[in-house]
Amino acid sequence: MSERPHERPPTEPAPPERPATERLPTGPIGGQLSSVLQGLLVRFQFARLAERNDSLALLGLFSFINGCLSIGLMATIALVTKEAFIFPSLGPTAFLFFYTPLAPAASPRNALYGHAIGVAAGWGSLTLFGLNHVGPAIATGVSESRVAAAALSLGLTSGLMIMCKAPHPPAGATTLIVSLGILRTPEQMVVLMVAVLLLTIQAFVINRLAGIPYPLWAAPKPAKVASEGKG
């Protein structure tokens with residue numbers, strides 16, 4: 001009786017290596033803020049402070065300074081150009097850019113698409129309910145038409161961002177700024193989009209200085225994990 005040849009147990013495929021953008025340490029509060037801080041401290045030769053990049057006090061101070069600089073730049077441009085380059089929705093966008101710069105929602109593509117969708121949805125809702133020439137809700141009060149416009153604008157923004165695969169949560173604030181009448185003219189909306197673009201360029205420069213592989217446009221797609229249980 002001949003012996004059966006030695007059968008090797010089936011080997012499982014090695015899991016795909018995570019891209020470099022997913023291997024950065026997340027720090028004590030999640031996100032990549034500590035990596036951004038460490039990269040900047042190393043870049044500007046603050047080696048001792050760089051070793052403390054996970055200190056909550058240091059992270060809080062960095063976030064404070066970075067927030068001041070981000071909106072301070074917009075305020076300076078507004079002062080020089082006499083245009084309103086400061087909008088509430090820029091705040092959460094700036095936070096995303098430096099707290100989770102490698103998340104798809106923080107990519108330049110999603111930020112620009114998201115805010116553009118929010119502006120378009122807000123403007124369309126204003127037009128549909130005849131509110132283009134009505135003052136902001138905070139001054140004129142909230143009417144049935146205003147409630148409908150706000151609800152429709154947020155619903156459209158949420159749905160269109162998903163359909164375009166460009167989720168960017170701060171865009172929900174942008175569309176309400178428009179549908180509530182705070183911004184009503186096309187010129188104001190163009191200024192808003194220019195402000196988003198400038199903030200995005202700032203995020204690109206700072207993150208790249210820190211050695212963070214912040215994308216030029218879209219965030220890299222995560223590696224697909226092989227499905228289990230295939231025969």
Side-chain angles (χ1 to χ4, degrees), residues 30-31 63-64 66-100 103-203:
S63 188
F64 166 75
N66 199 47
C68 290
L69 290 176
S70 298
I71 300 305
L73 176 62
M74 296 295 107
T76 301
I77 296 173
L79 185 64
V80 172
T81 62
K82 307 302 180 184
E83 295 286 348
F85 271 88
I86 309 173
F87 305 97
S89 52
L90 292 182
T93 290
F95 189 81
L96 272 181
F97 280 160
F98 302 107
Y99 179 67
T100 53
S107 68
R109 175 187 181 274
N110 285 31
L112 293 169
Y113 276 20
H115 284 289
I117 289 170
V119 167
W123 173 255
S125 300
L126 281 182
T127 303
L128 179 63
F129 292 98
L131 298 170
N132 298 79
H133 303 291
V134 179
I138 195 171
T140 62
V142 178
S143 62
E144 290 83 357
S145 297
R146 185 71 73 185
V147 170
L152 178 61
S153 68
L154 187 57
L156 284 173
T157 299
S158 300
L160 290 173
M161 284 196 298
I162 297 302
M163 292 175 66
C164 295
K165 298 180 180 179
H168 185 71
T174 290
T175 200
L176 290 176
I177 289 170
V178 177
S179 61
L180 291 175
I182 298 171
L183 301 180
R184 300 191 304 277
T185 68
E187 292 79 9
Q188 291 173 328
M189 297 176 200
V190 169
V191 170
L192 186 152
M193 289 307 303
V194 172
V196 172
L197 176 61
L198 291 175
L199 188 60
T200 304
I201 293 172
Q202 180 185 355

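Scored by the side chain to side chain contact (heavy atoms under 4.5 Å, CB included) test, Ala106 finds Leu96, Phe97 as partners (sequence neighbours excluded). Applying the side chain to side chain contact (heavy atoms under 4.5 Å, CB included) rule to Met74 yields the partners Ile77, Ile86, Leu90, Ala195, Leu198; only residues at least two apart in sequence or on another chain are considered. Under the side chain to side chain contact (heavy atoms under 4.5 Å, CB included) criterion, Pro167 pairs with Asn110, not counting sequence neighbours. When the side chain to side chain contact (heavy atoms under 4.5 Å, CB included) test is applied to Ala94, the partners found at least two apart in sequence or on another chain are Ser70, Leu199. Tyr99 is linked by a ring-ring contact (aromatic ring centres under 6.0 Å, His included) to Phe95, counting only residues two or more places apart in sequence or in another chain.
Within the structure, the side-chain hydrogen bond (donor to acceptor under 3.5 Å, both in side chains) test picks out no pair touching residues 133-149 (sequence neighbours left out). Within the structure, the ring-ring contact (aromatic ring centres under 6.0 Å, His included) test picks out no pair touching residues 66-92 (sequence neighbours left out). Annotation: ring-ring contact (aromatic ring centres under 6.0 Å, His included) contacts involving residues 151-172, sequence neighbours excluded, comprise His115-His168. Listed by first and then second residue, the side-chain hydrogen bond (donor to acceptor under 3.5 Å, both in side chains) pairs that reach into residues 81-92 are Ser89-Thr174, sequence neighbours excluded. The ring-ring contact (aromatic ring centres under 6.0 Å, His included) pairs that include a residue from residues 169-200 number zero, where partners must be two or more places apart or lie in different chains.
The backbone N or O of Gly31 lies less than 3.5 Å from no partner atom in the side chain of Thr100, so there is not a single donor-acceptor pair.
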With a cut-off of 3.5 Å and sequence neighbours excluded, list every side-chain donor-acceptor pair involving residues 148-155.
| from | atom 1 | to | atom 2 | distance (Å) |
| --- | --- | --- | --- | --- |
| Ser153 | OG | Ala149 | O | 3.2 |
| Ser153 | OG | Ala150 | O | 2.8 |
| Ser153 | OG | Ser179 | OG | 2.9 |

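With a 4.5 Å cut-off on side-chain heavy atoms, Leu180 and Ile138 do not count as touching.
The distance from the CD1 atom of Ile117 to the CG atom of Leu112 is 11.0 Å, given to the nearest 0.5 Å.
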